[in-house]
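The analysis underlying the following values was restricted to heavy atoms, covering all of them including side chains, and did not include hydrogens, waters or symmetry mates. Atoms within a ligand are numbered from 1 in the order they appear, just like the ligands themselves.
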Amino acid sequence: MTHAINQNPLFYQTSADLPLVNRAEGIYIWDESGKQYIDGCSGAVVCNIGHNDKTVLTAINDQARSSFFTYRTQFNNRPAFELAQNLVKHSAAHLNRVFYVSGGSEAVESAIKLCRSYYISKGESSRYLFISRSPSYHGSTLGALSLTSYAPLEIPYRPLFKSWPKIPAPYCYRCKYQMTYPSCGLACAHALEQVIEEQGPENVAAFVTEPIGGASSGALVPPEDYFAVIRNICDRYGVMLIFDEVMTGFGRTGRLFAYEHWNVSVDIVALSKGMASGYYPLGAIMTREDIVQNVLSSGGFPHGHTYAGNPMACAVGVAVLKRIIEDRLSENAKVMGDRLMRGLARLAEKYPIIGQVRGKGLLTALEFVQDRESKRPFPTKLQVNNLITANAFDNGLIIYPRRPINGLSGDHVLIAPPLIIKANEVDEMLQRLDAALAETTADLQKAS
Ligand code: PLP
C-alpha cells in the first residue's frame, strides 16, 4: 500500500526548516542554494579532521570491498584489532583495554556498567552510586541522563531514572560559593568529599566528569590543580574516576586526550565524536587491565551493543586516528586555538555583550551578559544564544548555542572548528563572527 506524502516526515528536537546540504570540504559546507558556511562547531563538535577527507574515503572504499558488518560474537576483524592497538599505543600506559560502542551515550552507559560490574566482581556490591557535576552533559539515554545536569534535557524524564548526586562544576565565572580562585581553596572540588561522606563511602562507585566542560557549560576549563584534588579524594575513598572525553578526545583541546593536560590518571575514559570524525558512528571506552580481568574472570561483562566493533566503523577509526597523529592535528588545535582565543578576546573588547571568552585548544566559547559588571544574563525570552547563532548562520558561520546556568538561563555559544583549520581560515571565521556580533548588538538595542 502506498499513499501520497506532502510533508517532511522527519522530526527531531524541533521542526525547524533547515537548508539542504549539498557538499562539504575541509572546514566548509555548501547548501543546495550554493551558500557557503564555515563549520565553526564541527557539527556537534564531531568533525575533528574536517569534511571529505580523501584518506578516510579511500579507507571506506577499501573496507567496503572486504566487509561492512560482521557481528562481534561471530568474527573478530583486523581493523578492530588495529584500531585497539593504535588507541592503546597513544593513550596513557595503564589504559590498555578497549571496548567498542557506536556513540557517546553508549560509551557513557558502558563506563557506568563496567564500573558497577567491577565492584560486584570485587565483592563490593554496595557501590552503586555515581556522582557527577552540575551543569554537565553525558548523553541522551536514561543512564547517561542520570549523570547529566541540564534541566531542559533531563527534568521531563526524571521519573524514569535515578538522578545521581551532583557537585558544582568549576564554573569560576559564576562561582556557586561566590568565591574567587585560588582563595576559594577549590571548594567545588572538595565538595566531592562531602557528597561521598553524605552518601556513605561504601555506596559510591565513581565520580564521572567531562575534563573540560562541553555543550552544557561552554568550554569550561578547570583551575590547574582541580583534578589533583579530585583524584586524591577518589583514591582515599576507593572511588573510580571516569572521564567523559566524548567531546574533548582526539585532539580537540590541543592534546590527543584532555587528561594529558593535568597528567591525571583516570580509571575509565569514554570516547566518541572525533574518534570517527563523523565518517561513521563509533565510540569506545578504555580502561585498565585489572578492571577487565576482574570482570571477565567473574562471569564476564553482560553488556554490549549490536554495531560494536564492526569492520567498517573500525576501519574508519584507524584512518581517522592515523590522520590526527600523522598530521599532528592536536598540535594544530593548540596553535590555532591560541590564535582563535586571541581573536575572540579582541571581539570581547569590541562587544560589551561578551561576558567571558574561555576554552582550550579548539574547544572555545563565548558567554554573553547584559551587564559585564554584575554578569547579569539577558532575559531568557530574548534567546540571545539562538539570536547570535542565527546571525552567524546568515553570515555563513555555524556555531553551537546553549545556556550555561543549568540550561535554564544565561547564553553561550561553542566555537570549535575542525582541527585542520588554517590561520587564514581562523581569521575568516572571526570576521564572520564579528559581523554576527555587530548584528546581534544592534538587534538587542532595538529590542530594549
Ligand atoms: N558525553 C559528552 C561529553 C557529549 O558532549 C555528548 C554529546 O554531545 C555525549 C556524551 C553523548 O554523545 P552522543 O550524542 O553521541 O550519544
Residue pairs meeting side-chain hydrogen bond (donor to acceptor under 3.5 Å, both in side chains), one or both in residues 270-279, sequence neighbours left out, come to none

Heavy-atom contacts with ligand 1 below 4.0 Å: which residues, ordered by chain and residue number?
G103, G104, S105, Y137, H138, G139, E210, D244, V246, M247, K273

Using 30° and 60° as the class limits, which term best fits the ring planes of W164 and Y128: parallel, tilted or perpendicular?
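Perpendicular: the ring planes of W164 and Y128 meet at over 60°.
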
Applying salt bridge (Lys or Arg N to Asp or Glu O under 4.0 Å) to D327 and not counting sequence neighbours gives R323

For F69, ring pair (Phe, Tyr, Trp, His ring centres under 6.0 Å) partners two or more places apart:
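For F69 the ring pair (Phe, Tyr, Trp, His ring centres under 6.0 Å) partners, ignoring immediate neighbours, are Y307.
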
Distance only, no hydrogens: is a donor on one side chain within 3.5 Å (strictly under) of an acceptor on the other, for N385 and R402?
no

Full working for side chain to side chain contact (heavy atoms under 4.5 Å, CB included) between H305 and S110
CA-CA 9 Å; H305 298 275; S110 304; 4.3 Å; yes

